[in-house]
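See below for the structure under consideration.
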Amino acid sequence: MMPIGPLMIEHRLIEKMIKLMEEEIEKMKKFSKANPLFIDTAVDFIRMYADKTHHGKEEDILFRELKNKQLSPNHEKIMDELIEEHVWARTIVGKLVDAKEHYVKGNISAVKKVIDLMSELVKFYPEHIKKEDKQFFIPVMSYFSTEEQEKMLQEFWEFDRTLIHEKYKKVVDQLSNK
Ligand SMILES: [Fe+2]
Ligand SMILES: [Fe+2]
């Protein structure tokens, strides 16, 4: 398997979550109410899976390796855009958490903010994923030899393995400190 294999598989799961968020937005619009539990679950998914696990492998491994290659101006431009888009998505998720907090504290009108921010994410992810899947991932594989690709894939597995242990160690540490 090429290293972009797992990344593309992860895109498919992210798309499923985006679809659920889309449905949730419709509900919020219809009833002018937010479901904080859904938002918490979606935020946890985006932060842990879409950002730490997925963008993590893209930035810390794939893009890091690409920076050592002589990229075409177009590939370099796309990579810069992708990095900027990851930063932007993190900001929006942070704002979504804030809006949800306001809502939970009794500011009912914050539901509008929640809808707007969630809509931004729902619009963003499919476009970002499309750019990676269609314009970037496959062509940039040609910068790597088969051995380099194999090494990258191994590093991906190791990255995921480490992350899951980190995540649950943190959960236990946080609970122990309470
Ligand atoms: Fe990405
Ligand atoms: Fe991606």
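Each ligand, and each atom within it, is numbered from 1 in the order the structure gives. Since the model is a prediction, treat every value here as computed from it, not as a measurement.
Two residues are said to be in side-chain contact when any heavy atoms from C-beta on lie closer than 4.5 Å; His128 and His55 meet this criterion. No side-chain heavy atom of Glu24 sits less than 4.5 Å from a side-chain heavy atom of Val122.
For the Fe ion (ligand 2), the nearby protein N/O/S atoms, meaning those under 2.8 Å, are His11 NE2, His54 NE2, Glu58 OE2, Glu132 OE1.
Legend: residues meeting salt bridge (charged side-chain N to carboxylate O under 4.0 Å, His left out) with Lys95, ordered by chain and number and at least two apart, are absent.
The backbone N or O of Ala50 sits nowhere less than 3.5 Å from a side-chain atom of Glu10 that would complete a donor-acceptor pair. Between the side chain of Lys69 and the backbone N or O of Glu65, no donor-acceptor pair lies under 3.5 Å. Although no hydrogens or angles enter the test, the distance criterion places no donor-acceptor pair under 3.5 Å between the side chain of Gln154 and the main chain of Lys151.
Atom NE2 is the N/O/S atom of His86 found closest to the Fe ion (ligand 1).
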